[in-house]
Amino acid sequence: MILVTGGTGFIGSHACVELINAGFDVVVVDNLVNSHEKSLDRVQQITGKRPLFFNVDVCDEKALDDVFSQCSIDSVIHFAGLKAVGESVQKPLEYFSNNLDASMVLCKVMRKHNVKNLVFSSSATVYSGDNTMPLTEQSKTGNCTNPYGWTKYMGEQIFKALCVADSDLSIVLLRYFNPVGAHESGLIGEDPQGIPNNLMPYVSQVAIGRRDHLTVFGDDYDTPDGTGVRDYIHVVDLAQAHVLAVRYAQNHKGCEVFNIGTGKGSSVLDIVHAYEKACGKKIPYVIGPRRAGDLATVYADTKKANEILGFKAKYDLERMCADSWRWQSMNPKGFE
Ligand code: WQD
């Protein structure tokens with residue numbers, strides 16, 4: 001049985017679909033602080049199976065221990081955590097305590113129940129800002145520009161140290177680039193609470209009429225059209241990478257890091273134009289000032305995941321925007 005912490009969230013729910021499709025039994029723990037249990041009904045509509053669900057905060061050691069006592073868990077995928085970059089700057093204590101406690105409590109309970117396989121949801125934010133592109137797994141990390149990024153970086157240090165102390169552990173660190181899109185059914189997707197921090201959900205809310213225009217954070221970067229370039233990856237590609245990572249963890253020991261991206265960069269205006277094609281409407285935008293902490297260009301070298309995990313992203317920008325638009329137009333208010 002695979003335990004998915006944060007499994008009712010955007011990436012977590014898509015991972016549940018792909019795990020079930022791959023034949024795994026799935027149990028989800030989530031405190032629903034930034035997601036809806038309804039996403040699991042949608043997982044059932046897609047796959048025919050509803051994951052077992054416990055409304056549990058991963059920081060609650062006793063409650064998490066009870067879940068491990070009731071279910072025979074073989075491997076864990078750990079998504080649960082606070083993840084808004086801007087919010088983390090305003091609330092560093094909440095981010096450090098929640099995200100780091102969750103990882104440490106999870107590892108204590110795994111150790112008590114002799115569970116040895118873990119896949120951790122890390123992020124390209126752990127890379128330092130002065131690397132040349134594309135980023136490889138050997139690129140410099142640290143000097144994170146926000147507490148959220150630090151919690152991912154520090155989480156990685158914890159897992160690496162645990163693997164040194166216990167050679168029987170198998171931990172895979174997946175560094176995501178920019179997850180976007182939705183399952184082709186339109187039944188699950190990104191459902192940010194409040195004003196979206198990220199580009200794609202903001203654009204989709206402009207398209208559906210919830211926001212009247214996009215603000216492009218700077219068009220004077222050293223990029224082809226002056227706007228920020230990122231490595232956007234379809235969330236279903238990303239979810240499928242987790243199935244490969246679980247299988248890898250079950251057949252190896254030690255700690256391994258993988259970039260999960262497409263290896264291709266797209267600018268903010270590339271996204272706007274691709275989304276206009278997908279939704280058949282103009283996406284009004286204004287050019288605003290740069291956002292603090294943003295880099296001009298970030299994209300992945302995907303060789304290691306390709307050669308060792310056998311992972312290669314399948315979906316292009318057109319498909320990412322088409323699937324995002326289907327989810328958004330079928331669910332104008334998300335899961336509400
Ligand atoms: C993408 C581009 C912005 C919003 C962050 C986190 C990362 C991961 C993904 C969690 C940039 C521009 C954005 C807007 C804009 N999250 N933009 N107007 O910053 O690459 O990465 O989200 O793991 O950890 O750091 O993604 O979507 O915020 O920005 O012009 O309203 O879109 O400047 O160039 P980012 P993003």
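Order of appearance sets the numbers: ligands from 1, and atoms from 1 within every ligand.
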Neighbour count above 12 (heavy atom, 6.0 Å) for Arg111 CZ: no

Ring centers of His242, Phe79 separated by less than 6.0 Å: yes

Within reach of ligand 1, part of Tyr176 (heavy-atom separation under 4.0 Å): neither

Pi-cation contact, Tyr221 with Arg290 (under 6.0 Å, within 45°): yes

Which residue and heavy atom of the protein sit nearest atom 20 (O) of ligand 1, plus the separation: Arg230 NE, 2.7 Å

Ligand 1 contacted by Tyr221 (non-hydrogen, < 4.0 Å): no

Reference residue Thr8; test side chain to side chain donor-acceptor pair (under 3.5 Å); the match among Asn34, Asp30, Asn31, Asn55: Asp30

Identity and separation of the nearest protein heavy atom to atom 10 (C) of ligand 1: Tyr148 OH, 3.2 Å

For Val85, atoms of ligand 1 separated by under 4.0 Å from a heavy atom: 6 (C), 25 (O)

Parallel, tilted or perpendicular: ring planes of His234 versus Tyr315, cut at 30 and 60 degrees: tilted

For atom 34 (O) of ligand 1, closest protein heavy-atom neighbour: Gly228 CA, 3.6 Å

Lys91 atom NZ: more than 12 heavy-atom contacts under 6.0 Å: no

Min N/O separation Leu199 to ligand 1 under 3.5 Å: yes

Proximity of Asn197 to ligand 1 by residue part, where a heavy atom lies under 4.0 Å: backbone

Numbered atoms and elements of ligand 1 in range of Val216, under 4.0 angstrom, heavy atoms: 30 (O)

Cation-pi check, Lys304 onto Phe258 ring (under 6.0 Å, within 45° of axis): yes

Ligand 1 contact on Ile271 by region, counting heavy-atom pairs under 4.0 Å: neither

More than 12 heavy atoms of other groups within 6.0 Å of Lys312 NZ: no

Heavy atom of the protein closest to atom 8 (C) of ligand 1 (residue, atom name, distance): Phe177 O, 4.3 Å

Whether Phe10 and His14 hold their rings parallel, tilted or perpendicular, with breakpoints at 30° and 60°: perpendicular

Shortest protein heavy-atom distance from atom 24 (O) of ligand 1, along with the residue and atom involved: Thr125 OG1, 2.5 Å

Residue Thr215 vicinity, atoms of ligand 1 by number, heavy atom under 4.0 Å: 14 (C), 15 (C), 18 (N), 30 (O), 31 (O)

Atom 19 (O) of ligand 1 [closest protein heavy-atom partner, distance rounded to 0.1 Å]: Arg291 NH2, 2.8 Å

Residue pair Tyr285 / Asp219, side-chain donor-acceptor N/O under 3.5 Å: no

Any N/O pair Phe217/ligand 1 closer than 3.5 Å: yes

Identity and distance of the protein heavy atom lying nearest atom 12 (C) of ligand 1: Val268 CG2, 3.7 Å

Salt bridge (Lys or Arg N to Asp or Glu O under 4.0 Å) assessment of Asp66 paired with Lys62: CA-CA 6 Å; Asp66 289 347; Lys62 174 80 187 65; 2.7 Å; yes

Enumerated ligand 1 atoms positioned under 4.0 Å from heavy atoms of Asp294: 3 (C), 33 (O)

Neighbour count above 12 (heavy atom, 6.0 Å) for Asn251 CG: yes

Contact with ligand 1 for Tyr232, non-hydrogen, under 4.0 angstrom: yes

Backbone or side-chain N or O of Asn198 under 3.5 Å from ligand 1 N or O: yes

Short N or O distance, Asn178 and ligand 1, threshold 3.5 Å exclusive: yes

